[in-house]
Each structure stands twice: as C-alpha cells, then as structure tokens.
Q: 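First the structure, which I've put down as structure tokens, then a few questions once you've had a look.
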Amino acid sequence: MKISVVSSTQSDTQAACQEVLQALPNTQCDLVIAGFNTEHNAELLQQQLMQQFSCPVMAGSSCLGALAINDEASTTAGLVLWTLSDSRGHYGVGYCRQGTDAKSAAIKALEMALDQSGRSSESPALLWCILPPGDEEQILQGFAEVVGPNVPVLGGSSADNDVSGQWQQFNHHTAGRDLIQVAVCFPSGNVGMSFSSGYQPCGSAVTVTQVEQRQLQQLDHEPAAACYNRLTGGVIQQHL
C-alpha cells in the first residue's frame, strides 16, 4: 500500500493539472481524492483527472485551496491530489444530490460506494466524505444507519473563498454544488487515527442570542465578533 500527496500552486488550471500528474510517482491508483481552490475551473479539473484515472475519484473545493503534507507545498495550494495504490484493498466512491432529505441521500451515496467496492455486505475500515455544507449531522446519521456508529468518518464539507456558495464537488460521473460524496475504504493494511485541534478552551461561556442561517450574529446580545474579540484578548481587533 502506497500513499502519495502532490500539489500545485499554479493559478492556471491546465498547468496545475499537468504539474500534479507529472509529480505522481505512480498513476496506477486505487483511490484518488482531490482538493482545490474555486478559482480553478472545476469542469476542466474534472476532465483532466478523469482522463488520467480509471479508479474511484472524488474531489471538493476548500477555502483558498487545500493542505498538502510536504515541505515544499504552500498551505494554500490551489490543487492537491491524495492518491492511494493498494491492489489488495477494496475501494468505492458513491454520490447523491442532497435535495431536501440529506439523510436519505447519504444512505444512497454510501450504498453506491459499497456496491462499487465489491464488499457491500461488510463494514469498511473507514469512510471519507466530501459534503455540501449545512446538513452534516443528518448526513452522518444516514451513514450510521448503513454501517453502524463505530466506523470512523474522515473528510468534511466543501467551502469557497468568500462563503458565497461557490463550493463545488465532482467525481467520475457528475459535478455540482450539492453532492454528498463518500469513499469506502477496505485497505489491505491496518488503519490508525489521531485527532488534533488548533482550538483551546478559554474558560468563558456565552449564549448565542441571534443567528441567521449558519452565521452567528450575537453572543450574549452583543455583536458576535466584538464579543469574541473581547473574550480572546483582542486577537481579531484588526479585523473588526
């Protein structure tokens, strides 16, 4: 089993694709997951990657780009490929438009991924998802109904550069802004996990007193940004 991570900071979509594909030590992969900046042309990215890979592929946009684990790559690389070569493992990617019932759509996406993996009656070692933001809790409930509550779920929600709803996802078959995508992984080797966070509790507690959709507007009846700035000792003062 071999994992490779390659990235490009090229702003031109064609050039970025060429750079990452040339950097791959092996293009005979069994699973490919991509992250990209929404300034790239998603349709062109899909076309280029689908021409190269016949294995399950899924991709999603993130804010200002994606992270790559190597010394050379910027933390905001415009395009990152995570590739896995594991001829003794089993992998599949499923997808479904979220629609008005995110939980049911999640179940359909996961069942498709399991069918593609060839091990539809088993629980995978882990799931990796790329989701439209907004209904993540319902989607996770749908996953749990299919494989139970103990299968680890990695990945997360798509994003864009200015929270204007321009996030995108794509795979071999389709593209869009409302795709629930999930990969199932039955690797030939063991799976280990760890969790780390860049956040630290400060000991203060506040009550959310006003929201609009996913935006916090007030904390303890105070503008949310001003309250957060005060409780953290002015860490976002320059942005107020």
Q: Between Ile3 and Thr83, is any pair of side-chain heavy atoms under 4.5 Å apart?
A: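 Not in contact.
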
Q: More than 12 foreign heavy atoms under 6.0 Å from CD of Gln14: is that the case here?
A: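 More than 12 within 6.0 Å, yes.
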
Q: May I ask you to test the Ser157-Glu136 pair for a side-chain heavy-atom distance under 4.5 Å?
A: yes

Q: Please confirm whether the backbone N or O of Ala15 pairs with a side-chain atom of Asp12, one donor and one acceptor, at under 3.5 Å?
A: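 Such a contact is found between Asp12 side chain and Ala15 backbone.
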
Q: Nearest heavy-atom pair of Ala125 and Pro152: which atoms, and what distance?
A: O-CD, 3.3 Å

Q: Measure across Phe143 and Leu131 and return the closest heavy-atom pair with its distance rounded to 0.1 Å.
A: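 It is CZ-CD2, 4.4 Å.
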
Q: Okay, side chain of Asp160, backbone of Val163: is any donor-acceptor separation there less than 3.5 Å?
A: yes

Q: Can you confirm whether Gln28 is buried at CD, in the sense that more than 12 heavy atoms of other residues, nucleotides or ligands lie under 6.0 Å from that atom?
A: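 No.
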
Q: For the CG atom of Leu179 and the NE2 atom of His173, what is their distance to the nearest 0.5 Å?
A: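 If we round to the nearest 0.5 Å, Leu179:CG and His173:NE2 are 11.5 Å apart.
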
Q: CD of Glu222: more than 12 outside heavy atoms within 6.0 angstrom?
A: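 Yes.
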
Q: May I ask you to decide if Asn171's main-chain N or O and Gln46's side chain share a donor-acceptor pair within less than 3.5 Å?
A: yes

Q: Can you see which heavy atom on Gln169 is nearest to which on Ser158, and at what distance?
A: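 Taking Gln169 first and Ser158 second, the nearest heavy atoms are NE2-OG, 3.0 Å.
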
Q: Establish whether Leu140 and Val184 are linked, either directly or via other cluster members, by ILVMFWY side-chain heavy-atom contacts under 4.5 Å.
A: yes

Q: Does the side chain of Phe53 reach to within under 4.5 Å of the side chain of Leu21, using non-hydrogen atoms?
A: yes

Q: Would you say the side-chain atoms of Gln116 pair up with the backbone N or O of Val93, donor to acceptor, closer than 3.5 Å?
A: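 At least one qualifying donor-acceptor pair exists.
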
Q: Give the minimum heavy-atom separation between Gly142 and Ile107, together with the two atoms involved.
A: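 Distance-wise, the nearest heavy atoms are O-CG1, 3.4 Å.
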
Q: Strictly distance-based, threshold 3.5 Å: is any side-chain N or O of Gln210 a donor or acceptor partner for the main-chain N or O of Val208?
A: no

Q: Is any side-chain heavy atom of Leu24 less than 4.5 Å from a side-chain heavy atom of Gln22?
A: no

Q: Is the backbone N or O of Asn41 less than 3.5 Å from a side-chain atom of Thr13, with the two atoms forming a donor-acceptor pair by type?
A: yes

Q: Distance from Cys17 atom SG to Gln47 atom CD, nearest 0.5 Å?
A: 9.0 Å

Q: Is a donor on one side and an acceptor on the other found under 3.5 Å between the side chain of Asp30 and the backbone of Asp86?
A: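 Yes; at least one donor-acceptor contact below 3.5 Å.
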
Q: What is the minimum heavy-atom distance between Asn161 and Leu64, and which atoms define it?
A: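 Smallest interatomic distance, heavy atoms only, reads OD1-N, 2.6 Å.
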
Q: Mind jotting down which residue pairs meet the salt bridge (charged side-chain N to carboxylate O under 4.0 Å, His left out) criterion with at least one end in residues 87-109? Sequence neighbours excluded, please.
A: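 The answer is Arg97-Asp178, Lys103-Glu145.
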
Q: Ignoring hydrogens and geometry, is there a side-chain-to-backbone donor-acceptor pair from Ser62 to Gly35 under 3.5 Å?
A: no

Q: With clusters defined by side-chain heavy atoms of hydrophobic residues (ILVMFWY) lying less than 4.5 Å apart, directly or transitively, does Met50 cluster with Leu79?
A: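 Looking at the clustering, Met50 is in the same group as Leu79.
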
Q: Check which hydrophobic residues are tied to Tyr199 through side-chain heavy-atom contacts below 4.5 Å, counting indirect links as well, and list them.
A: none

Q: Is any side-chain heavy atom of Thr207 closer than 4.5 Å to a side-chain heavy atom of Leu219?
A: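 Of all side-chain heavy-atom pairs linking Leu219 with Thr207, none is under 4.5 Å.
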
Q: What closest approach, in Å, do Ala113 and Val182 show between heavy atoms, and which atom pair accounts for it?
A: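 It is CB-O, 3.5 Å.
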
Q: Going through the distances and angles, do Tyr95 and Phe170 end up as a ring pair (Phe, Tyr, Trp, His ring centres under 6.0 Å)?
A: CA-CA 9 Å; Tyr95 66 93; Phe170 66 81; over 10 Å; no

Q: Answer yes or no: is there a side-chain heavy-atom contact under 4.5 Å between Tyr91 and Cys55?
A: no

Q: Is any side-chain heavy atom of Pro124 less than 4.5 Å from a side-chain heavy atom of Cys185?
A: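 With C-beta onward as the side chain, the pair stays apart.
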
Q: Which distance, rounded to the nearest 0.5 Å, do you find between the OG of Ser204 and the CG of Asp220?
A: 10.0 Å

Q: Any chain of hydrophobic side-chain contacts (each under 4.5 Å) joining Leu114 to Leu126?
A: no

Q: With side chains defined as the heavy atoms from C-beta onward, is the minimum distance between Leu49 and Val32 less than 4.5 Å?
A: no

Q: Closer than 3.5 angstrom, by distance alone: can the side chain of Asn229 be matched with the main-chain N or O of Ile236 as a donor-acceptor pair?
A: yes

